[in-house]
A.B. asks: 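This is the structure I want to talk about, given as structure tokens.
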Amino acid sequence: MGTLTSFSFSAVNYKFRSDSVIRERIGIGVLESKKLKRNSCFLCKKMFIKEISPKKFYRIRCFSASNDDGEMKEENLSKDSSVTTVPSPDDTDERRSNKTPASVSSRPPTISPIGPAYSDFQIDSFKLMELLGPEKVDPADVKIIKDNLFGYSTFWVTKEEPFGDLGEGILFLGNLRGKREDVFAKLQMKLSEVMGDKYNLFMVEEPNSEGPDPRGGPRISFGLLRKEVSEPAPTTLWQYVIALILFLLTIGSSVELGIASQINRLPPEVVKYFTDPNAIEPPDMELLLPFVESALPLAYGVLGVLLFHEIGHFLAAFPKEVKLSIPFFIPNITLGSFGAITQFKSILPDRSTKVDISLAGPFAGAALSLSMFVVGLLLSSNPDAAGDLVQVPSILFQGSLLLGLISRATLGYAALHAATVSIHPLVIAGWCGLTTTAFNLLPVGCLDGGRAMQGAFGKSALTGFGLTTYTLLGLGVLGGPLSLPWGLYVLICQRTPEKPCLNDVTEVGTWRKTIVTLAIFLVVLTLLPVGDELAEELGIGLVTTF
């Protein structure tokens, strides 16, 4: 579960301004053949009339500056365009008496400098960024909100700063005058009364605060964002189509995993193509069709773990009234799947909700995976199930310290200390499910583990654990040969931390922090591979033969 950053699934909804607003801001009218349009320059607000040929478009720019007498002068008028200044009410009679037509400047276009630090191109770029960026908070609304929300009894505002990824919001800094949860609830109620559903108010830790709050805990501030900017965008039709395609590919990768688990039964030319790095010519894939039916139980197990994972998220989100997007399953030929990416379609109310929803999915998937793994190990030692067993290299059990020890305790030293081990397909399904769950619980980015870490210990803790996780994955300390693809997957799809909650300050409690810490510890044990010397001592896999 996470936020897919490589596709257009961003939770920020950029609302573009209407065409009429753009025309008003930059003084460009709708092009109409041989019609006069009245507009005003966005810098000097001076009225002018323009006539534009339907065959050509010339940008009209009017940079005005005041002279010593206080009169405005016109410069930089585009050529081939007729510009007539509109007379003011004071000089209408004088112009009529003189019968003098409005003059048209014939001087070469020159640009009046707006300031020494900005060029014409920079000014146009700033205007374009402002117009195409997310909708900002209305300054008039800011004044109303300050007058009606904040005060001596709630939160005394001392400073205002930009808030949001692009500075589209307002951050109110000041002094808290009561219990933070009570003040926040009161401010939210007043905001709804004054502005309706126009804005969202966030309670966050004050950035770069010099010290803790005198009442205890970190100093807080309140951020204000427009609802259409802060709330996640609804799921589009294209996202549904992409989710369906990814799900079909995940089914294919799960079936492929089931076929690969029967490697001791596959035709030699197929085995050589997938195991020999020098093999170039692919074999006839129709040779694999007889093995598809026997691969389905394993594929069902892998898909079942994925579905249980997502059901866990939705069951935890439903009572909290948090909306989730459809899951985007990511195929993986080694484990069947990387898991699924599920977006929050609602702003989370607090950090406790973030922890609960983030952990519910992995715990549900891990419960099903562990049950299949244990049942598969028990069936592997049952003589009645010998016909259903498959042969796998014993070195595979060195891929996980925790799962290798469980297998060693169940199957015994002799079974694992051999070249190949006969196991039930449920063991493979459970192993892959537990490994996938462990990877998704890594405390990094927008993975379930990253969200849980951010909710339990804050964004700064997630940053530290995330850097450590990237380092361990890069060195292959966690995950062994699977560390590189998983590290790339996180960097491409899940690297961005989750957006803050409405109440991003209140602590989650000791028991939630304990559960998150224990989960991270089990993740390390699951993804930690066993070295040859330790494997020899523990009897996990055949390391040396005599």
Side-chain angles (χ1 to χ4, degrees), residues 1-3 11 179-181 184 202-207 209 212-213 216-221 223 309-310 312-322 324 339 341-344 346-367 434 436-473 478 490 494-527:
M1 178 176 174
T3 298
K179 187 178 179 182
R180 54 174 57 93
E181 289 80 10
F184 184 54
F202 296 82
M203 183 170 66
V204 298
E205 293 187 15
E206 180 179 318
S209 59
D213 192 276
R219 298 187 64 89
I220 67 168
S221 53
H309 184 116
E310 298 308 312
H313 284 311
F314 279 91
L315 290 179
F318 180 76
K320 304 285 188 178
E321 298 182 354
V322 174
L324 301 177
I341 299 174
T342 307
Q343 298 173 282
F344 287 120
S346 302
I347 302 179
L348 299 179
D350 49 46
R351 289 164 55 177
S352 298
T353 302
K354 181 183 292 186
V355 173
D356 294 344
I357 298 177
S358 300
L359 292 182
F363 283 4
L434 289 171
T436 302
T437 300
F439 272 115
N440 278 280
L441 274 174
L442 287 173
V444 60
C446 207
L447 294 174
D448 290 327
R451 286 171 166 172
M453 177 62 66
Q454 182 180 357
F457 299 99
K459 193 173 181 179
S460 58
L462 174 62
T463 302
F465 276 93
L467 292 175
T468 303
T469 302
Y470 281 128
T471 303
L472 295 178
L473 288 175
L478 293 178
V490 174
Q494 305 261 54
R495 66 180 181 274
T496 306
E498 189 57 57
K499 296 291 183 179
C501 308
L502 289 175
N503 179 0
D504 207 50
V505 177
T506 302
E507 298 289 339
V508 300
T510 304
W511 69 272
R512 282 188 174 89
K513 292 182 178 181
T514 303
I515 292 177
V516 172
T517 303
L518 180 61
I520 299 300
F521 177 72
L522 293 176
V523 164
V524 174
L525 292 181
T526 302
L527 299 180

A.B. asks: Work out which heavy atom in Ala456 is nearest to a heavy atom in Val355; give both atom names and the distance.
C.D. replies: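 Looking at all heavy atoms of both residues, the closest pair is N-CG2, 3.6 Å.
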A.B. asks: Rounded to the nearest 0.5 Å, what separates atom OG in Ser358 from atom CG in Asn440?
C.D. replies: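 Between Ser358 OG and Asn440 CG, I get 11.0 Å after rounding to 0.5 Å.
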A.B. asks: Rounded to the nearest 0.5 Å, what separates atom CD1 in Ile357 from atom OG1 in Thr342?
C.D. replies: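 Here the interatomic distance stands at 11.0 Å.
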A.B. asks: What are the two closest heavy atoms between Phe184 and Leu502, and how far apart are they?
C.D. replies: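 Reported closest heavy-atom pair: CZ-O, 3.4 Å.
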A.B. asks: Do Arg180 and Pro218 have side-chain heavy atoms sitting under 4.5 Å apart?
C.D. replies: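 Touching, per the 4.5 Å side-chain cut-off.
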A.B. asks: For Leu359 and Ala452, which heavy atoms make the closest approach, and how far apart are they?
C.D. replies: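 Smallest heavy-atom distance, with atoms named: CD2-CB, 3.8 Å.
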A.B. asks: Which value, rounded to the nearest 0.5 Å, describes the distance between Glu498 atom CD and Lys459 atom NZ?
C.D. replies: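 Rounded to the nearest 0.5 Å, the CD-NZ separation comes to 10.5 Å.
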A.B. asks: With a 6.0 Å cut-off (strictly less than), is the heavy-atom count around CZ of Phe457, excluding the residue itself, greater than 12?
C.D. replies: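 Yes - once you tally the heavy atoms of other residues, nucleotides and ligands closer than 6.0 Å, there are more than 12.
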A.B. asks: Please report the shortest heavy-atom distance between Gly217 and Pro212, naming the atom on each side.
C.D. replies: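 Shortest heavy-atom separation between Gly217 and Pro212 comes out as O-CB, 3.6 Å.
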A.B. asks: Report the residues that fulfil side-chain hydrogen bond (donor to acceptor under 3.5 Å, both in side chains) with Asp350, sequence neighbours left out, ordered by chain and then residue number.
C.D. replies: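 Partners of Asp350 under the side-chain hydrogen bond (donor to acceptor under 3.5 Å, both in side chains) test: Thr353.
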A.B. asks: With the side chain counted from C-beta on, respond yes when Ser221 and Ser209 share a heavy-atom pair under 4.5 Å apart, and no when they do not.
C.D. replies: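 They are not in contact (no side-chain heavy atoms under 4.5 Å apart), so the answer is no.
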A.B. asks: Assess whether side-chain contact (heavy atoms from CB on, under 4.5 Å) is satisfied between Phe202 and Asp504, documenting all intermediate values.
C.D. replies: CA-CA 7 Å; Phe202 296 82; Asp504 207 50; over 6 Å; no
A.B. asks: For residues 511-525, run the donor-acceptor check on the side chains, cut-off 3.5 Å, and write out each pair with its distance to 0.1 Å, sequence neighbours left out.
C.D. replies:
residue: Arg512; atom: NE; partner: Asp356; partner atom: OD1; Å: 2.8
residue: Arg512; atom: NH1; partner: Val508; partner atom: O; Å: 3.3
residue: Arg512; atom: NH2; partner: Asp356; partner atom: OD2; Å: 2.9
residue: Lys513; atom: NZ; partner: Glu507; partner atom: OE1; Å: 3.2
residue: Thr514; atom: OG1; partner: Thr510; partner atom: O; Å: 2.9
residue: Thr517; atom: OG1; partner: Lys513; partner atom: O; Å: 2.8

A.B. asks: For a 4.5 angstrom cut-off between non-hydrogen side-chain atoms, does Arg351 reach Pro500?
C.D. replies: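 With C-beta onward as the side chain, the pair stays apart.
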A.B. asks: If you round to the nearest 0.5 Å, how far is CG of Leu527 from CG of Leu472?
C.D. replies: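 Taking CG in Leu472 and CG in Leu527, the distance rounds to 10.5 Å.
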A.B. asks: List the steps and the verdict of side-chain contact (heavy atoms from CB on, under 4.5 Å) for Ile220 and Glu206.
C.D. replies: CA-CA 5 Å; Ile220 67 168; Glu206 180 179 318; 5.9 Å; no
A.B. asks: Once rounded to the nearest 0.5 Å, what's the spacing between atom OG1 of Thr506 and atom CD of Glu181?
C.D. replies: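 Atom-to-atom, Thr506:OG1 and Glu181:CD are 3.5 Å apart.
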A.B. asks: Would you please test Glu321 and Ser346 for side-chain hydrogen bond (donor to acceptor under 3.5 Å, both in side chains) and show each step?
C.D. replies: CA-CA 8 Å; Glu321 298 182 354; Ser346 302; over 6 Å; no
A.B. asks: At what distance, to the nearest 0.5 angstrom, does SG of Cys446 lie from CD of Gln494?
C.D. replies: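 Between atom SG of Cys446 and atom CD of Gln494 there are 6.0 Å.
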A.B. asks: Asp448 vs His309, test: side-chain hydrogen bond (donor to acceptor under 3.5 Å, both in side chains). Steps then yes/no.
C.D. replies: CA-CA 11 Å; Asp448 290 327; His309 184 116; 3.0 Å; yes
A.B. asks: Name all residues meeting the side chain to side chain contact (heavy atoms under 4.5 Å, CB included) criterion together with Leu462; count only those two or more places apart in sequence or in a different chain, and write none if there are none.
C.D. replies: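 Once residues adjacent in sequence are excluded, the partners of Leu462 under the side chain to side chain contact (heavy atoms under 4.5 Å, CB included) criterion are Met453, Gln454, Pro497.
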A.B. asks: Would you please test Thr526 and Leu441 for side-chain contact (heavy atoms from CB on, under 4.5 Å) and show each step?
C.D. replies: CA-CA 11 Å; Thr526 302; Leu441 274 174; over 6 Å; no
A.B. asks: Is Tyr470 close to Val490 at the side-chain level, that is, under 4.5 Å between some pair of heavy atoms?
C.D. replies: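 Counting from C-beta outward, Val490 and Tyr470 do come under 4.5 Å.
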